[in-house]
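First up is the structure itself, then whatever we jot down about it.
Every heavy atom of this structure was used, including side-chain atoms; hydrogens, water molecules and symmetry mates were not. Reminder, nothing fancy here: chain letters follow the sequence lines and each chain counts from 1.
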Amino acid sequence: MSMLRFFNRTPAPEPAPTAPIARERLQILLAHERGARGQPDLLMQLREEILQVVSRHVTLDPDKVIVRMERGKMVSTLEVDIEVPSGIEGKFAAAS
Amino acid sequence: MAKVLVVTSGKGGVGKTTTTASIGAALAQAGQKVVVVDFDVGLRNLDLVMGAERRVVFDLINVVQGIAKLPQALIRDKRLENLWLLPASQTKDKDALTEEGVGRIIGELRENCDWVLCDSPAGIERGAMLAMRHADEAVIVTNPEVSSVRDSDRIIGMLDSKTVRAEKGERVEKHILITRYDPARAARGEMLTIDDILEILATPLLGIIPESQDVLRASNVGCPVTLNSPSSAPARAYLDATRRLLGETLPMIVPAGRKGLMDLLRGRRAA
């Protein structure tokens with residue numbers, strides 16, 4: 001009986017194949033990387049130039065400037081996060 | 001005039017050294033005069049895979065620096081009399097490898113043999129650049145896995161821009177060699193397929209080497225798999241790939257997996 005049960009058992013569902021996902025991710029990534037090849041690092045350049053502009057007005061720590069990029073299929077976003085020293089708010093108010 | 005062939009990949013651990021030893025031996029088995037050159041300064045392993053680790057006296061850097069003459073540094077294979085190894089240095093600073101020195105050695109080797117095989121280090125730094133610098137042809141070793149395919153794409157870009165041939169407006173002839181191919185996993189859709197890889201990399205296929213214990217056994221005993229177990233599946237795949245390099249047209253054999261007992265019981269289709 002137990003032998004029969006063993007053979008008649010319904011097979012466990014097989015995990016969904018992941019290879020098509022790998023293929024799609026690679027195609028998107030490589031299309032981007034091939035385009036960027038030989039170009040200067042855009043993110044580093046942006047970071048440097050933004051830093052220069054802001055530094056003209058406030059003293060800031062270069063390590064506290066973070067530039068992030070999120071690439072999507074349709075739109076990409078660039079996020080710039082600058083930490084300014086406290087006590088700067090008054091200056092902004094005076095300028096406006 | 002010899003052909004210079006670089007065995008490269010970008011990613012480490014995909015089988016460059018195994019491939020250099022196997023194709024080098026297979027070319028010599030076909031009667032070609034072959035020198036295999038290890039460019040992996042500091043992490044040499046081609047000597048070990050070829051079973052010549054106890055016979056290394058001089059190395060590539062000694063020759064670059066003029067401490068030894070090229071014929072003194074070449075180690076002749078004990079099994080194949082027309083196969084030589086030029087080992088990498090294990091201790092020297094890798095900056096000792098100069099572009100001018102490498103060019104001189106490759107030039108000298110070109111005049112004295114039919115094939116120069118350059119075993120590239122992993123990565124895209126100086127060592128990898130120098131290994132591909134003078135190549136006429138390239139074998140890009142790729143595993144059916146995302147990181148390996150991405151790195152291969154990067155290396156293809158470098159072969160098309162940073163080599164002497166590319167700078168002269170000529171082409172480096174490129175071939176993809178898929179290694180560690182597991183037919184059972186491919187059949188289950190767990191692994192990128194051959195077609196996926198070739199479509200993404202847009203480069204012709206030289207061969208498919210199945211994942212096999214024979215490859216490990218061959219490296220354990222320090223003998224290229226094409227010599228150690230010539231009738232094994234990986235050896236036959238390497239021998240076919242070598243014949244393609246020599247200009248033959250052969251049907252491509254996609255390794256098929258054996259059906260396991262459970263696969264039969266469950267009625268799964270094999271690869």
Residues of residues 142-155 of chain B contacting chain A, heavy-atom criterion under 4.5 Å, by residue number: B/V146, B/V149, B/R150, B/D153, B/R154
Residues, nucleotides or ligands: over 12 heavy atoms within 6.0 Å of B/E167 CD: yes
Spacing of B/I197 atom CD1 and A/R23 atom CZ [to the nearest 0.5 Å]: 11.0 Å
A/L26 side, atom CG; B/L192 side, atom CG - distance, nearest 0.5 Å: 6.0 Å
Minimum-distance pair of heavy atoms, taken over all atoms of A/Q27 and B/I200: CG-CG1, 4.0 Å
A/R34 CZ: over 12 foreign heavy atoms closer than 6.0 Å: yes
CZ (B/R44) with more than 12 external heavy atoms under 6.0 Å: yes
For the student: nearest non-hydrogen atoms of A/P20 and B/G189, plus distance: CD-O, 4.4 Å
Gap between atom OG1 of A/T18 and atom CZ of B/R188 - 0.5 Å precision: 10.5 Å
